[in-house]
Structure formats: structure tokens, C-alpha cells
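Since the structure is predicted, the reported quantities are computational estimates derived from the model, not experimental observations. Below, chain A is the first sequence line, B the second, and so on; all start at residue 1.
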Number of protein chains: 2
Amino acid sequence: MLAQAATASHFPGNTLTGHSFAGRDRLGDLGRMPASFAPEQPHQVAFYEANQEIYAQGEEAKALYQVEYGVVRLYRLLADGRRQISAFHVAGEVFGFEADGRHHFFAEAVCGAGIRVFRQPAGEGTWRQTLSAALEALVRAQEHLLVIGRQNAAERVAAFLLDMRKRQGGERQIELPMSRTDIGDYLGLTIETVSRMLSKLKSSGIIRLTNARVVEVLDEAALEALCE
Amino acid sequence: MLAQAATASHFPGNTLTGHSFAGRDRLGDLGRMPASFAPEQPHQVAFYEANQEIYAQGEEAKALYQVEYGVVRLYRLLADGRRQISAFHVAGEVFGFEADGRHHFFAEAVCGAGIRVFRQPAGEGTWRQTLSAALEALVRAQEHLLVIGRQNAAERVAAFLLDMRKRQGGERQIELPMSRTDIGDYLGLTIETVSRMLSKLKSSGIIRLTNARVVEVLDEAALEALCE
DNA sequence: CGTGGGGTTGATGGAATTCAATTGCTGTGG
DNA sequence: CCACAGCAATTGAATTCCATCAACCCCACG
């Protein structure tokens with residue numbers, strides 16, 4: 001089940017993206033977590049290729065995962081194939097905890113990703129750490145509910161860009177490791193709508209599309225105003 | 001900040017609703033939690049009237065809350081007043097945990113509700129219990145993301161009815177303690193759309209509307225088929 | 001009996017989806 | 001180096017679904 005280190009030479013997606021989250025310079029909002037989760041535990045780092053499955057819905061949950069570099073998506077499917085990505089996870093973030101020992105979601109690497117795997121996190125301080133990470137994820141999910149449930153397409157895309165920006169350290173230059181399909185499935189929109197909204201932001205002078213996967217924020221205030 | 005026991009004679013909403021969740025006959029999905037959360041701790045039960053605030057966004061989080069009876073809504077607001085209810089909580093469920101010591105949401109009683117308040121849950125087994133409850137909430141929120149992000153109005157209402165049914169023990173008769181406005185703000189729809197979808201389910205012979213707040217499921221299979 | 005809030009129903013407009021065509025990018029092979 | 005294939009992204013036109021606006025109904029309550 002664990003990924004064997006793939007051919008590291010063939011780094012999927014644009015290499016820019018592959019590097020953007022590397023180096024653990026950014027722990028996201030998990031500053032309260034130790035740099036290494038449960039450091040007293042022996043653990044392994046696995047490399048996952050772009051689009052490689054980390055775990056599947058229904059599988060037994062027997063480990064916790066921390067992103068070393070790269071990006072991971074968690075998602076769920078409807079019977080007819082409609083997909084909802086509930087979260088993207090970047091370097092430093094922990095995912096994979098489940099309430100009842102079974103995974104309720106799929107986890108896949110968005111781009112080449114290094115994942116630290118913690119089996120049986122039974123250490124004593126670990127409960128507290130896991131709780132902290134779970135609460136982060138909970139707040140994120142609940143805030144995302146507001147975006148999806150009550151904001152229109154333009155606001156969703158703006159919120160997404162600002163979120164990605166914050167998680168990448170607040171630079172003007174934002175890298176989008178994921179495809180438009182991923183963004184759409186995260187925001188509850190179609191790829192066409194995502195594209196249209198990005199074009200609109202661009203023609204409004206709020207952002208610049210260096211290329212399809214790199215966005216530069218020109219008017220931060222306007223972008224934030226969009227999210228109300 | 002704590003609610004004083006309100007005039008218990010004036011039970012808000014229909015009294016039916018007030019009773020429906022009482023008696024702790026149903027713990028929702030928290031079966032793994034002890035009947036009394038952290039029982040070794042001294043704690044108090046507060047009564048909240050319908051629509052009474054339990055805590056507000058931005059407030060310091062200094063307690064955990066367990067619903068004894070009644071229903072609670074957690075929600076967040078946009079600047080222009082749009083509201084997203086991220087969760088309803090019924091008897092047995094725990095809410096109020098926050099990642100950084102501040103509440104990120106509002107909590108209000110939907111109808112008259114008894115809430116057990118746990119201050120400083122520092123007990124040792126408590127971490128594990130809290131984690132369990134937080135993970136429940138996380139799975140719920142993420143599953144709700146799928147409903148809101150990828151299902152249409154009819155599917156959302158059907159999913160809502162099935163969820164309420166499950167949480168009330170699976171009876172054919174479902175009570176809806178919350179207003180159409182609450183349901184709409186939970187499902188990311190307007191009250192008109194919620195009403196229309198309920199009418200459609202009714203005219204399709206899938207449900208019966210005993211009255212505005214009581215639904216009887218006539219064709220369970222059809223209802224489940226709607227959620228795909 | 002009148003009043004008011006919650007709920008339902010109808011008509012209309014608009015935002016996002018769907019379907020379709022085109023462009024742009026990346027990697028491959030001649 | 002250029003041509004081409006294949007995929008991702010963009011753009012346009014038509015359609016659909018839901019929100020909006022508005023009228024009305026239903027009851028609980030004074």
C-alpha cells in the first residue's frame with residue numbers, strides 16, 4: 001500500500017510547483033505543532049507521484065500523514081462521478097485522521113509529494129498534537145462551507161487565491177500546483193467558471209496570469225474586498 | 001455569559017420539538033463517548049431559550065458544550081449578512097472546541113435546549129474524548145461540503161431529511177425543530193427553494209408534510225436514491 | 001377578529017452549467 | 001529545429017437551475 005520512491009528524475013507537473021512548497025519554510029497554520037510530528041516515533045517518508053493515491057475511501061486508517069513537500073488533495077465522490085475536494089494540504093500539514101478507523105475520503109498527491117507517515121500514533125503527547133491538527137482541519141472545513149454555501153463564483157475564486165497566498169507565505173506571486181479541474185472541484189464550480197472568473201480578475205487588473213499555473217496579485221485590497 | 005434558566009413554562013417552538021431530542025435515547029454517532037462527557041469533572045447544565053446565543057465569533061473559548069436536549073446551530077456570517085450554518089447539534093453531541101482559544105463561529109439554540117458546560121477540560125482521558133468528538137465533527141463538515149458543493153437543491157434537501165432522520169433514531173416521522181431559514185442557511189439555499197423542494201417531494205409521494213415542522217418519510221428508497 | 005411571522009406558490013431574471021469550438025502549452029519524434 | 005499529438009485552459013453560445021421579487025396562505029396569539 002505504501003508508495004515506493006518513484007523515479008525522482010521525472011518530477012511531475014511544472015518543477016516550479018514542485019519546489020514551491022519544499023524546504024519546510026512554511027508550516028501553514030500549524031505553528032503550534034512541533035516541526036516533526038511525534039518525533040520520538042520512528043517513521044518513514046514516502047514519495048508519491050502526481051495523482052498517486054495515498055489512501056482510499058473505505059480503507060482501514062492505520063497511520064497519520066504529514067506533508068513534507070508538495071500538495072495533497074482529499075476528496076469524496078458521488079455515485080455519478082461528481083467530486084468534491086474537501087481540502088488541499090501543503091507542507092507541514094497533517095491529514096488522515098478518522099473517527100472510526102476507516103477512511104471516509106480519498107487522498108491523492110496533487111503533484112509530486114513527500115509524505116511522512118506515522119503509524120500507530122500512540123505516544124502520550126500525541127493525542128494533544130493530533131487534536132490540534134484535527135481542530136485546524138475542522139475550522140478550515142467549516143470556513144470552506146461558508147465559501148461554498150454562500151459566496152458566488154467570483155468570491156470563491158478570490159477566497160481561494162487569498163487562501164493559497166496565505167499558505168505560501170503571503171508573496172504576491174501565487175503558484176497553483178493543481179489543475180482547474182481540482183480548483184473547480186474544491187470550490188464547487190466547473191472548470192469553465194473558474195477560468196472565466198480568473199479571466200475577469202485579470203481583465204479587472206486585480207491579478208496577472210503569468211501562466212496558467214502562476215498568479216500574481218496586483219491589487220490585494222480589491223481581492224480581499226471581493227470576499228467581503 | 002452563561003444562560004440563566006429561562007421561564008421553563010414558555011417552551012419555544014412546538015413542544016413536540018422540545019421533547020423530540022430529550023431523554024438522551026439517542027447519542028447520534030457518538031456512541032463511543034461516555035454518556036457523560038468527562039464525568040469526573042464538576043459541570044453545570046444551562047438552559048437556553050430558542051435563538052439565544054451560546055457564544056459568539058471572536059469570543060474566548062473557555063469551555064466545551066454537550067447538548068442534553070434540544071438543538072443548537074453553529075454558523076458564520078459574511079459582512080453583508082449572508083449566513084452559513086455549518087452544523088446542527090442534537091442531544092449527545094459535543095461542540096465548542098476551537099483550535100486557537102477563540103471561537104470562530106456563533107452558537108445559538110435553535111429551540112429550547114439544555115447544554116452541559118465543561119470548563120477547562122484538562123482531565124487526562126479528556127484529550128482522547130475531545131479528539132473523538134472533533135473527528136466526528138470533521139467528518140460531518142467534510143461530508144456536508146460534498147452536499148453543498150456538488151449536489152443540487154433536491155438532493156440537498158433529501159440528504160438533509162435523511163441526516164435528520166438518522167440522528168433521530170431512524171423513525172419514519174422526522175421532526176424539524178429549525179425554520180426554513182435555518183434549513184436554507186444550512187444547505188446553501190433560499191427558503192423558497194427549500195419549500196419548493198419539500199413540496200416536490202410531497203407531490204412525488206416520497207414524503208408527507210404532517211405540518212410544516214413534521215415530515216413523514218413514505219418512500220425511503222426514493223429519498224436515498226436522490227442522494228445518489 | 002385582526003395582526004404578524006413563518007411558510008408556500010408563482011413569475012421573472014440572472015448566474016452558473018453545459019455544450020462546443022479554439023487556443024496555448026509540453027513533450028515527442030522526424 | 002519544426003511539426004505534430006495530446007492535454008489543459010480559455011472563450012463563446014445556449015440552456016438550466018436557482019435566486020429574487022411579489023402575492024398569498026396558514027396559524028398562533030393578542
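Between A:L209 atom CG and D:dA9 atom C1' there is a gap of 10 Å when expressed in whole angstrom units. Counting to the nearest Å, the C1' atom of C:dG6 and the CG atom of B:N211 are 12 Å from each other. Atoms CG (A:L198) and P (D:dT11) sit 10 Å apart, rounded to a whole Å. Look at CG on B:L176: it is 10 Å from P on C:dT8, rounded to the nearest Å. Following rounding to the nearest Å, A:R196 (CZ) and D:dA9 (C1') show an atom-to-atom distance of 12 Å. The interatomic distance linking A:I191 (CD1) with C:dA16 (P) rounds to 16 Å, in whole Å. The distance from atom CZ of A:R82 to atom C1' of C:dT17 is 13 Å, rounded to the nearest whole Å. Atom-to-atom, CD of B:E192 to C1' of D:dC18 comes out at 10 Å; the value is rounded to the nearest Å.
Remark: A:N152, A:A153 in residues 143-157 of chain A come within less than 4.0 Å of DNA chain C through at least one heavy atom. A heavy atom lying under 4.0 Å from DNA chain C marks the following residues of residues 180-187 of chain B, by number: B:R180.
Partners of B:A153 under the side-chain contact (heavy atoms from CB on, under 4.5 Å) rule, at least two apart in sequence or in another chain, are B:L189, B:T193, B:M197. A search for salt bridge (charged side-chain N to carboxylate O under 4.0 Å, His left out) contacts involving B:R73 returns B:E108, B:D182, not counting sequence neighbours.
Considering only heavy atoms from C-beta on, B:F95 stays 4.5 Å or farther from B:F88 through its side chain. A heavy-atom distance below 4.5 Å is found between the side chains of A:F97 and B:L138. In this structure the side chain of A:S179 reaches within 4.5 angstrom of the side chain of A:R213, judged on heavy atoms. With contacts defined as side-chain heavy-atom distances shorter than 4.5 Å, the pair A:V157/A:I183 does not qualify. Using a 4.5 Å cut-off on side-chain heavy atoms (C-beta onward), A:L145 and B:Y75 make no contact.
Residue B:L189 is in sugar-phosphate contact alone, with no base atom involved, counting any heavy-atom pair closer than 4.0 Å across all strands shown.
Not a single donor-acceptor pair under 3.5 Å links the side chain of B:H89 to the backbone N or O of B:L74.
Between A:R213 and C:dC25 there is no side-chain polar atom (N or O) within less than 4.0 angstrom of OP1 or OP2. Phosphate contact (OP1/OP2 of D:dC18, side-chain N/O of B:T193, threshold under 4.0 Å): absent. Taking only side-chain nitrogens and oxygens, A:T190 comes nearer than 4.0 Å to OP1 or OP2 of C:dT17. Neither OP1 nor OP2 of C:dG7 sits under 4.0 Å from any side-chain N or O of B:S195.
A side chain to side chain donor-acceptor pair (under 3.5 Å) check over residues 219-228 of chain B, counting only residues at least two apart or in different chains, returns the pairs A:R82-B:E228, B:R165-B:E220.
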*Mind running side-chain contact (heavy atoms from CB on, under 4.5 Å) on A:E98 and A:F105 for me, showing each step along the way?*
CA-CA 9 Å; A:E98 298 293 347; A:F105 299 88; 4.3 Å; yes
*How does each nucleotide of nucleotides 25-30 of chain D score, in 5' to 3' order, for protein heavy atoms under 4.0 Å: base (B), sugar-phosphate only (S), or none (-)?*
------
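How far NZ of B:K202 is from CD of B:E216: 13.0 Å, rounded to the nearest 0.5 Å.
For the pairing with A:D185, the side-chain hydrogen bond (donor to acceptor under 3.5 Å, both in side chains) check across A:R180, A:Q84, A:R83 returns one residue only, A:R83.
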